[in-house]
Amino acid sequence: MLLRMPTMPTAITRFAPSPSGSLHIGGARTALFCWAFARHIDATGGLGSFLLRIEDTDRARSSEASAKAILEDLAWLGIGWSEGPELGEIGGDPRNVGPWAQSARSGLYEQYFQRLLEAGTAYPAFESPEELAAMRAEAQANKQTFRYTQRADYDRETALARMETQEHVLRLHVPAEPIVVHDQVLGEITFTSEHFDDFVIRKKDGSPTYHFAVVVDDALMGVTHVLRGQEHLNNTPKHVALQSALGFETPIYAHMPLIFNDKGAKMSKRERDQTARVAAREAKLTESPIAEIDGTTFAAWLKDKTKQLGHDELEALAGHLGLILPEVSVDDFRRAGYLPGVICNFIALLGWTPSKHEDGTDREKFDMAFLGRDFELGRIGKPNARFDRVKLASFNQDALAAMSDESFVGAWSTWAARYDSTLVDSLGQGRMTLLAPSVKPRVKTLSESRGIIAFALAAHDAIELDPKSIDKVLRKGEPSGLELLRAFDRDALQSWAGAFAPEPIEQAIAQWCESRDMKSGKIAQPLRVAITGSTVSPPIGVTLAAVGLDGVRTRIAKCVEVVAAIAS
RNA sequence: GGCCCCAUCGUCUAGCCAGGUCAGGACGCCAGGUUUUCAUCCUGGAAACCGGGGUUCGAAUCCCCGUGGGGUCACCA
């Protein structure tokens, strides 16, 4: 066997989230495409690397917890990075290009600032934020677009001297020539220099701005392909200008279409607040209905549509209002019970098309391994895409239904252990296994399972009987459903022998009905109502088995009692 | 408002680059069927080339102009 020497990657992509919240579904797609591109390079004989960097130059908004959560969400989705912060087996620094958090890289930037300053392509500027604001206001009053350009009275010697004693920022002197961006998705785009200004590259406090840090870090880390959302398109000429000023090579850019909500606007965490706010107003809430949110916070939030509640507070409120909030971050989808593979499959389809099947038909369902092999920049589309939750749900339902019973139980218990532990506790592994085949085709998300199995969790003497169902299946007919229930209990259940399991139960029902020369639906529906309270439930054998013989008989007795009382 | 991007069924999209197809698929919707309920499953159906000019024998496809939508204009990233 040939021992492979450590090889340099032939293509390097990167995902650089700023840790100021949970991972947005749009960010997940960006990461997914970066990952997929690197895997595609592997599949075509090269060596691809997907690296992860933490963009925390804005210290005030960044948090360690958020960074960790983003990493975990990515790992859960199956989007592993070959270089970056370590998380279990994922990450590492084989090429020694870290550290990965920009806040830990501050020392690296200084020499590049100096280089630019010496070359005269960067210069200090001394205007205060207030002065700048005034200049912008004035430009606006004259219906002009404000652009910062070097002052006419700028003098290098004086400015450099002034730097020593006075607060200042560093700005890049942008070249007069147009900047042409070659984008793999959008094609060639020309930006004329009069439309962007001498932007800030070093803040007053000495830290680099995003533009500067990105350009330097990407170059130092050897990033060859920058895949990012189209909202960054207008930043690209700045980055290109910076690269040429710094003598760096310009990476290959690919700007991907944006993901919108069903209203055609950018998906945002804010819409979750808005959904809850509308519901709260409709419910005529004036003060906080739950302990998690204090009164003044609630009142302010209710009035001001720019205010946002914390994640848990919002969830608690939604729970109180019986509301399902639109999922926006990866964690929302995870909590709702979507499978990671399905999420990746679905978001990959938002703006990208896989190759066709061998027989020429369209392909829509695929796994991560396929995506990694098949991904090509050329098949990224241009138009922005709306996020259709209904279709996602359908994909998830299909994926759930396609699982073996064993793996479904696995996925179901894993999810429940994390988000609905009472379900695991009260159902137990045995009844989960029993119910799994019935739950599987009936849910779109794992969280919907609770509705399907609620009857099994309820107390035997506390079944709420649906009045319509009582009328329809218990009181009508000759003999009535209620009488059949009594008879079935007496004939079949009272002296039940052997296992009380789906198969024998179904057989017993079939035999009992045959002896009376009637269809089995005649007794199945009354049983459903007595056991679950409604006419809708899993197959009757499973339904009865899940409740147990004693439970079934108790529920029948209770039902007979209640309905008889109504009748008299 | 300046600049930039985009435009095929309600939605995601194939087809466009290298003009000629009943404009295909998926989700959803509608109608049937299977099933002891529901769900699953099966069959069928309605549903789109933003508008106007050009180029061409021929335009969803190429060009121009409109219109519409979106992004972006910070010492945030």
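Please read all numbers here as calculations on a predicted model, not as lab measurements. Every chain is numbered from 1, with letters handed out A, B, ... down the list of sequences.
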Aromatic contact between [X] and [Y], with the criterion being ring centroids under 6.0 Å apart: yes or no?
| X | Y | result |
| --- | --- | --- |
| A/H211 | A/H239 | yes |
| A/W512 | A/F488 | yes |
| A/Y253 | A/H182 | no |
| A/F387 | A/F333 | yes |
| A/F212 | A/Y112 | no |

Indicate, with a heavy-atom threshold strictly under 4.0 Å, whether [X] touches base, sugar-phosphate, or nothing.
| X | result |
| --- | --- |
| A/R528 | base |
| A/P383 | sugar-phosphate |
| A/I189 | sugar-phosphate |
| A/E231 | sugar-phosphate |
| A/A401 | nothing |
| A/L258 | sugar-phosphate |

- RNA chain B: 5'-most and 3'-most nucleotides touching chain A, 4.0 angstrom heavy-atom criterion: B/G2 to B/A77

Quantified in whole Å, what is the [atom1] atom distance between nucleotide [N] and nucleotide [M]?
| N | M | atom1 | answer |
| --- | --- | --- | --- |
| B/C30 | B/C73 | C1' | 48 Å |
| B/C16 | B/A60 | C1' | 8 Å |
| B/G15 | B/G24 | C1' | 8 Å |

[N]: pairing nucleotide in any strand, Watson-Crick or G-U under 3.5 angstrom:
| N | answer |
| --- | --- |
| B/U72 | B/G2 |
| B/C29 | B/G45 |
| B/U56 | none |
| B/A7 | B/U67 |

- Task: For the pair A/R162 and A/E167, find out whether any cationic side-chain nitrogen is under 4.0 Å from an anionic carboxylate oxygen.
- Result: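 Not counted as a salt bridge, because no side-chain N and carboxylate O are separated by less than 4.0 Å.
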
- With A/F146 via ring-ring contact (aromatic ring centres under 6.0 Å, His included) - residues at least two apart: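 Checked A/F146 against ring-ring contact (aromatic ring centres under 6.0 Å, His included); zero matches.
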
